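Quick notes on the structure that follows.
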Number of protein chains: 4
Amino acid sequence: MTRAEPQGGGRVGGKEARILQAAVSVFAENGYHGSSMAQVAAEAGVATGTIYLYFGRKQDLLITLFQRNLGEYIERCRPALNAEAVGVPRLRRMVSMHLEFFTEDRALASVFQIHAREPDPVLRAGIQPTVAAYFDLISEVVQSGVDNGAFAHDLDPRLARDMFFGALDEVVTRWVRAQHPFPLMSVRAPLAAMLARGFGAQLSGDPS
Amino acid sequence: MTRAEPQGGGRVGGKEARILQAAVSVFAENGYHGSSMAQVAAEAGVATGTIYLYFGRKQDLLITLFQRNLGEYIERCRPALNAEAVGVPRLRRMVSMHLEFFTEDRALASVFQIHAREPDPVLRAGIQPTVAAYFDLISEVVQSGVDNGAFAHDLDPRLARDMFFGALDEVVTRWVRAQHPFPLMSVRAPLAAMLARGFGAQLSGDPS
Amino acid sequence: MTRAEPQGGGRVGGKEARILQAAVSVFAENGYHGSSMAQVAAEAGVATGTIYLYFGRKQDLLITLFQRNLGEYIERCRPALNAEAVGVPRLRRMVSMHLEFFTEDRALASVFQIHAREPDPVLRAGIQPTVAAYFDLISEVVQSGVDNGAFAHDLDPRLARDMFFGALDEVVTRWVRAQHPFPLMSVRAPLAAMLARGFGAQLSGDPS
Amino acid sequence: MTRAEPQGGGRVGGKEARILQAAVSVFAENGYHGSSMAQVAAEAGVATGTIYLYFGRKQDLLITLFQRNLGEYIERCRPALNAEAVGVPRLRRMVSMHLEFFTEDRALASVFQIHAREPDPVLRAGIQPTVAAYFDLISEVVQSGVDNGAFAHDLDPRLARDMFFGALDEVVTRWVRAQHPFPLMSVRAPLAAMLARGFGAQLSGDPS
DNA sequence: TATGAATGAGCGTTCATTCAT
DNA sequence: CATGAATGAACGCTCATTCAT
């Protein structure tokens with residue numbers, strides 16, 4: 001989706017990265033539709049035209065944000081999840097990672113929470129595949145738990161996946177909007193417990 | 001939030017209602033930001049300026065949609081919920097009503113699912129109170145279940161509320177986007193079951 | 001090529017016509033590529049956006065100028081030419097009309113002379129058909145003269161047509177550019193004579 | 001009109017020439033206004049900035065093309081014309097050379113035919129003198145024919161010159177635009193004959 | 001000489017909103 | 001109440017030109 005890709009690692013310290021970071025700030029503050037390329041450029045400390053050396057269209061800023069950051073996160077998830085026992089432990093881990101991911105960068109979290117459902121066709125086409133990959137990952141965690149007997153054998157995996165994502169998504173959205181944000185990680189254990197129970201897991205008294 | 005409010009109920013068949021209905025169609029098709037007042041006017045069969053006799057700003061179209069439709073739905077919910085036994089039955093009923101509400105009008109559902117998180121301050125200020133009222137309603141259902149002992153005594157009501165809404169929200173969003181939408185009501189029982197279990201309810205074998 | 005077509009005949013006295021006239025002025029002065037929509041709007045005494053109520057794109061201004069003015073001229077030509085005897089009289093008449101047409105409006109002439117060959121695909125596609133129709137008209141005049149024996153029997157009609165148009169075109173271009181323009185009509189008789197002779201006509205001593 | 005003038009004839013194979021050749025290609029394809037310096041640089045296989053080592057402004061590319069190529073052609077014309085007998089032979093020769101010149105390089109022909117009338121003041125000022133020199137050359141050929149009695153004694157030399165140029169110009173323009181270009185030289189004899197007759201020459205049956 | 005990233009003025013176009021009728 | 005032509009600020013994007021390397 002990016003057009004030209006100048007060195008990037010040069011003296012100024014990664015102009016492309018600075019632009020993306022500026023986009024996160026500006027979009028988080030005003031929303032994608034409430035932000036102008038001029039604002040992003042100003043925040044990044046570059047000229048308007050410079051953005052177009054790295055991103056072909058305004059839309060590519062948002063798309064790249066999803067592809068890069070969410071994509072990397074998904075990559076990080078796979079091995080970490082596989083390191084956990086199937087069932088509740090793996091589910092707990094996924095809850096943890098999700099919350100940690102968004103805790104790391106609240107502005108980025110804001111952008112993701114607000115813009116994941118953008119209806120603009122170009123935006124959708126650019127964002128959806130990455131989001132879909134994350135859904136697939138959740139599906140795998142659920143399915144493995146069902147196969148393994150950790151979760152109810154008659155669990156609907158797609159529905160469980162949607163409940164899992166929806167619950168986390170709503171919690172993160174609330175956190176992102178809060179004036180005085182609570183520590184997002186504090187919901188980790190109770191939320192994981194609710195989900196696990198909902199999936200039919202028999203919970204012993206061992207929180208992680 | 002609307003500026004002028006002509007009679008509205010006149011002979012001509014409710015011009016205001018026609019405009020709102022047109023807004024639903026157009027916003028569902030192109031998204032709020034991808035839609036113009038001219039498109040809405042054309043769809044409604046009125047002149048552009050006419051919209052401004054009923055709604056002061058473009059934003060008021062979306063705001064009114066939330067206030068009116070979601071507001072009415074909330075009103076309908078209260079007595080229906082109170083007619084159900086506290087705990088799982090009431091929870092089941094809430095799931096049913098939520099799904100029924102969106103099933104009724106898929107275009108409206110699309111608008112709600114996509115635009116509930118709009119970051120524009122005016123939009124937020126107009127929409128949030130209504131959404132917040134719905135969250136309060138959910139909270140009440142959860143809290144009464146906890147108080148009553150139907151749900152786990154240590155359930156975090158805010159978290160449970162978010163899981164409840166998030167799960168339903170995600171399911172409806174998926175339904176709204178599906179090319180060949182499945183019957184949304186089909187998820188009623190399993191979703192209610194997952195939520196109930198997640199809340200710590202002891203489920204006997206009685207689906208409704 | 002025009003988008004909307006508001007009344008046009010209203011109180012202000014034909015806004016579309018005023019815009020086109022402004023376009024002629026501005027394009028004649030700065031050339032199409034050297035002119036901005038803002039300049040045209042200013043010259044027409046309207047807002048920039050108003051132009052787009054009448055013309056969908058900047059290109060449509062130039063295209064419409066050709067289609068309307070040159071098109072009307074061609075319509076005027078047909079009956080006038082048919083009223084003349086085939087051969088030299090008809091040829092003379094065509095020379096006269098061509099020169100008269102451009103004499104009428106020097107700014108318009110300037111626009112036509114300078115922009116008839118625009119390579120932009122949209123411009124070409126819009127302009128070419130009208131210009132082609134004029135070439136066909138010339139072809140008819142030449143061909144009828146050949147058939148009738150007034151011109152050389154072995155005259156190449158396409159080549160003759162090109163010489164005819166090219167000669168007139170060059171003369172008009174020179175006139176359009178001249179600081180102190182000579183009376184364009186003064187070349188009528190000698191140019192017609194040269195062309196007629198070139199086409200193999202036997203000229204008696206009767207200028208018209 | 002060029003600003004800096006590096007050696008040009010160096011080892012690398014004439015970078016300046018390569019740039020000019022690239023300009024011809026690109027301008028022929030997209031027109032001057034539809035072409036960017038970046039496109040020309042890419043076609044020439046140099047960096048954008050390199051063009052500015054040889055040409056001060058975009059306009060100088062087009063100007064230099066006219067000055068150099070048309071200028072050289074005019075120089076070649078003079079002796080060749082003087083080698084021909086005054087009157088029809090010299091006129092024939094001029095037609096031949098004109099057609100040969102454009103036949104040699106169709107892309108260059110395209111650029112010349114389309115852009116000779118550019119209204120931009122800088123472009124005009126740079127191009128006009130060279131074109132004017134060519135007109136003078138034509139004038140000389142016509143005038144010598146008149147003085148010599150080969151052409152009509154009352155021939156208007158300026159008008160004849162314009163007809164001569166206009167006719168050739170139109171034919172070349174048509175050839176340049178044709179999808180399947182006819183052999184341009186094929187019009188040599190008939191076009192020269194038409195012009196000669198138009199100028200009042202008595203043609204014997206000797207085509208050259 | 002040569003590079004090509006960077007600049008930023010400028011342009012075409014859109015569209016929410018107004019207002020004379 | 002209704003119209004829809006008119007407005008003009010605002011925006012995304014381009015590209016000739018510069019300059020640090």
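Throughout, protein chains are lettered first and strands after them, A, B, ... in sequence-line order, and every chain is numbered starting at 1. Just so it is clear, the structure is predicted and the values come from calculations on it, not from any experiment.
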Pairing string of DNA chain F (Watson-Crick or G-U wobble, both atom distances under 3.5 Å; | = paired to other strand) is .||||||||||||||||||||

What is the distance from [atom1] of [X] to [atom2] of [N], rounded to the nearest Å?
{"X": "C/Q59", "N": "E/dC11", "atom1": "CD", "atom2": "P", "answer": "16 Å"}
{"X": "B/L62", "N": "E/dA16", "atom1": "CG", "atom2": "C1'", "answer": "15 Å"}
{"X": "A/Y52", "N": "F/dC13", "atom1": "OH", "atom2": "P", "answer": "4 Å"}
{"X": "C/F55", "N": "F/dA5", "atom1": "CZ", "atom2": "C1'", "answer": "15 Å"}
{"X": "D/D60", "N": "F/dT17", "atom1": "CG", "atom2": "C1'", "answer": "13 Å"}
{"X": "D/I51", "N": "F/dC19", "atom1": "CD1", "atom2": "C1'", "answer": "16 Å"}

Between [options], which nucleotide has the shortest distance from any of its atoms to the side chain of [X]?
{"X": "A/L53", "options": "F/dA5, E/dT3, E/dA5", "answer": "E/dA5"}
{"X": "D/A47", "options": "E/dG4, E/dG12, F/dG8", "answer": "E/dG4"}
{"X": "B/Y54", "options": "F/dT7, F/dA2, E/dA2", "answer": "F/dA2"}
{"X": "A/T50", "options": "F/dT17, E/dA6, F/dT3", "answer": "E/dA6"}

Judged by atom type as modelled, is there a donor-acceptor pair below 3.5 Å linking the side chain of [X] to the main-chain atoms of [Y]?
{"X": "C/R117", "Y": "D/I114", "answer": "no"}
{"X": "A/T64", "Y": "A/D60", "answer": "yes"}
{"X": "B/S35", "Y": "B/G31", "answer": "yes"}
{"X": "D/T48", "Y": "D/A38", "answer": "no"}
{"X": "D/D120", "Y": "D/L123", "answer": "yes"}

Starting at the 5' end of DNA chain F and moving along, which residue's nearest nucleotide shows up first, A/T48 or B/T48?
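Per heavy-atom nearest nucleotide, the more 5' residue is B/T48.
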
For the student: nearest non-hydrogen atoms of B/V176 and B/A109, plus distance
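Here B/V176 and B/A109 meet closest at CG2-CB, 3.6 Å.
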
Which one of C/F27, C/Y32, C/F66 satisfies the ring pair (Phe, Tyr, Trp, His ring centres under 6.0 Å) criterion with C/F112?
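Going through the options one by one, the only one that passes is C/F66.
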
So does D/K15 get a side-chain nitrogen or oxygen closer than 4.0 Å to the phosphate oxygens (OP1/OP2) of E/dA2?
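Affirmative; the distance criterion is met.
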
I need the residues from residues 30-42 of chain A with at least one non-hydrogen atom less than 4.0 Å from DNA chain E; give them sorted by number, or say none.
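Per residue number, the list is empty: none.
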
Could I get the full list of ring pair (Phe, Tyr, Trp, His ring centres under 6.0 Å) partners for A/H115, not counting sequence neighbours?
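A/H115 satisfies ring pair (Phe, Tyr, Trp, His ring centres under 6.0 Å) with no other residue.
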
Closest nucleotide of DNA chain E for A/G45 versus for C/G49: which of these residues is on the 5' side?
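Its nearest nucleotide being more 5', the pick is A/G45.
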
Short side-chain donor-acceptor distance under 3.5 Å, A/H33 and B/E118
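B/E118 vs A/H33: no donor-acceptor pair found between side chains.
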
